[in-house]
Amino acid sequence: MAYDQDNIFAKILRGDAPCFKVYEDDMTLSFMDVMPQAEGHTLVIPKFPAENLFDLDPEYAAAMAKTVQRVAPAVKKAFDVPGILIAQLNGSAAGQTVFHIHTHIIPRTNGIDLKLHAREMADFKELEKHAEKIKALIA
Ligand code: AMP
């Protein structure tokens with residue numbers, strides 16, 4: 001399948017759709033997931049038109065990993081959780097719903113189940129606060 005320039009993350013990268021940004025550099029962007037599976041669920045995307053890991057330029061794959069390493073500790077600290085789930089889905093059979101590659105950073109706490117994937121829209125005021133909290137903790 002050819003990369004769809006009108007997918008929601010491509011629109012966010014072009015500035016045609018909003019996001020609650022936590023971090024940006026030349027090769028990546030990180031922002032809050034609007035339908036979080038746990039409070040603090042954050043995404044990292046490369047600034048490269050690829051649907052999945054197999055289409056992604058390796059330099060951008062490395063940049064995405066680097067940004068995950070930078071943002072995830074801030075998410076962990078901001079939400080004071082013992083664990084962080086890092087996930088990256090390739091293809092609808094794997095559960096991918098947005099076809100611009102991205103990595104999920106999801107806070108995990110023992111005994112608290114994840115909410116369903118991409119199901120319930122969060123309160124935007126809350127997401128804005130969460131983004132600010134994470135942003136302030138990024139080294
Ligand atoms: P995946 O199923 O791995 O493709 O994940 C896509 C993720 O993007 C889901 O967790 C959605 O909640 C999230 N999502 C969809 N639209 C937006 C949006 N406009 N801004 C932020 N996150 C989004």
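Remember, it's 1-based here, ligands and their atoms both numbered in the order they're listed. All figures in this text were calculated on a predicted structure; none of them were measured in a lab.
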Chemist: What atoms of ligand 1 come within less than 4.0 Å of a heavy atom belonging to Leu89?
Modeler: 2 (O), 3 (O)

Chemist: Which of the atoms in ligand 1, numbered in the order shown and given with their element, are less than 4.0 Å from a heavy-atom of His104?
Modeler: 1 (P), 3 (O), 5 (O), 7 (C), 10 (O)

Chemist: List ligand 1 atoms under 4.0 Å from Leu43, heavy atoms only on the residue side.
Modeler: 8 (O), 22 (N)

Chemist: Do Gln5 and Tyr3 have side-chain heavy atoms sitting under 4.5 Å apart?
Modeler: yes

Chemist: Below 3.5 Å, N or O to N or O, backbone or side chain included: is there any such pair between Thr97 and ligand 1?
Modeler: yes

Chemist: Of all the non-hydrogen atoms in the protein, which one sits nearest to atom 8 (O) of ligand 1, and at what distance?
Modeler: Phe9 CZ, 3.4 Å

Chemist: Can you tell which of His117, Met121, Gln96 gets a heavy atom nearest to atom 2 (O) of ligand 1?
Modeler: His117

Chemist: Quick check on Asp80: does its CG atom have over 12 non-hydrogen neighbours (other residues, nucleotides or ligands) under 6.0 Å away?
Modeler: no

Chemist: To check your reading of the model: name the closest protein heavy atom to atom 19 (N) of ligand 1, its residue, and the distance in Å.
Modeler: Ile8 CG1, 3.4 Å

Chemist: Less than 4.5 Å apart, any side-chain heavy atom of Glu24 and any of Lys47?
Modeler: yes

Chemist: With a 4.0 Å cut-off on heavy atoms, does Gly95 reach ligand 1?
Modeler: yes

Chemist: Under 4.0 Å from a heavy atom of Met32: give me the atoms of ligand 1 that qualify, with their elements.
Modeler: 21 (C)

Chemist: Keeping Asp33 on the side-chain end and Leu43 on the backbone end, is there a donor-acceptor pair under 3.5 Å?
Modeler: no

Chemist: Quick check against the 3.5 Å criterion: does Thr42 have a side-chain atom that pairs as donor or acceptor with the backbone of Gly40?
Modeler: yes

Chemist: Is the shortest side-chain heavy-atom distance between Met32 and His41 below 4.5 Å?
Modeler: no

Chemist: Is there a heavy atom in Phe31 that sits closer than 4.0 Å to ligand 1?
Modeler: yes

Chemist: Does the residue Phe20 have a heavy-atom contact with ligand 1, meaning some pair of atoms that are separated by less than 4.0 Å?
Modeler: no

Chemist: Using a strict threshold of under 4.0 Å (side-chain N to carboxylate O), is an ion pair present between Arg14 and Asp6?
Modeler: yes

Chemist: Got a list of side-chain donor-acceptor pairs under 3.5 Å for residues 131-139, not counting sequence neighbours?
Modeler:
unit_1, atom_1, unit_2, atom_2, d
Glu132, OE2, Lys135, NZ, 3.2
Lys133, NZ, Ala78, O, 3.2

Chemist: Below 4.0 Å from ligand 1: does a non-hydrogen atom of Gln37 turn up there or not?
Modeler: no

Chemist: Just jot down the ligand 1 atoms closer than 4.0 angstrom to any heavy atom of His102, in number order.
Modeler: 1 (P), 3 (O), 4 (O), 5 (O), 6 (C)

Chemist: What residues, two or more places apart in sequence or in another chain, satisfy ring-ring contact (aromatic ring centres under 6.0 Å, His included) together with His102?
Modeler: Phe9, His104

Chemist: Should Glu51 and Ile101 count as side-chain neighbours, where that means a heavy-atom distance under 4.5 Å?
Modeler: no

Chemist: Looking only at distances, please establish whether an N/O atom of ligand 1 is found under 3.5 Å from an N/O atom of Val98.
Modeler: yes

Chemist: Hey, which atoms in ligand 1 end up nearer than 4.0 Å to a heavy atom of Ala118?
Modeler: 9 (C), 11 (C), 12 (O)

Chemist: Purely on distance, is any nitrogen or oxygen of His41 under 3.5 Å from one on ligand 1?
Modeler: no

Chemist: Note the single closest protein heavy atom to atom 10 (O) of ligand 1, along with its residue, its atom name and the distance in Å.
Modeler: Asp33 OD2, 2.5 Å

Chemist: Would a line drawn from the ring center of His100 to the ring center of Phe48 be shorter than 6.0 Å?
Modeler: no

Chemist: Does at least one non-hydrogen atom of Gln88 fall below 4.0 angstrom from an atom of ligand 1?
Modeler: no

Chemist: Same cluster for Leu114 and Ile86 if Ile/Leu/Val/Met/Phe/Trp/Tyr side chains link at under 4.5 Å?
Modeler: no

Chemist: Using a strict threshold of under 4.0 Å (side-chain N to carboxylate O), is an ion pair present between Lys125 and Glu128?
Modeler: no

Chemist: Just to confirm my output: which protein heavy-atom neighbour is closest to atom 15 (C) of ligand 1, and how far is it?
Modeler: Met35 CE, 3.8 Å

Chemist: Return yes when Arg119 approaches ligand 1 closer than 4.0 angstrom through a heavy atom, no otherwise.
Modeler: no

Chemist: With heavy atoms of Val34 as the reference, note each atom of ligand 1 found under 4.0 Å away.
Modeler: 17 (C), 18 (C), 20 (N), 21 (C), 22 (N), 23 (C)

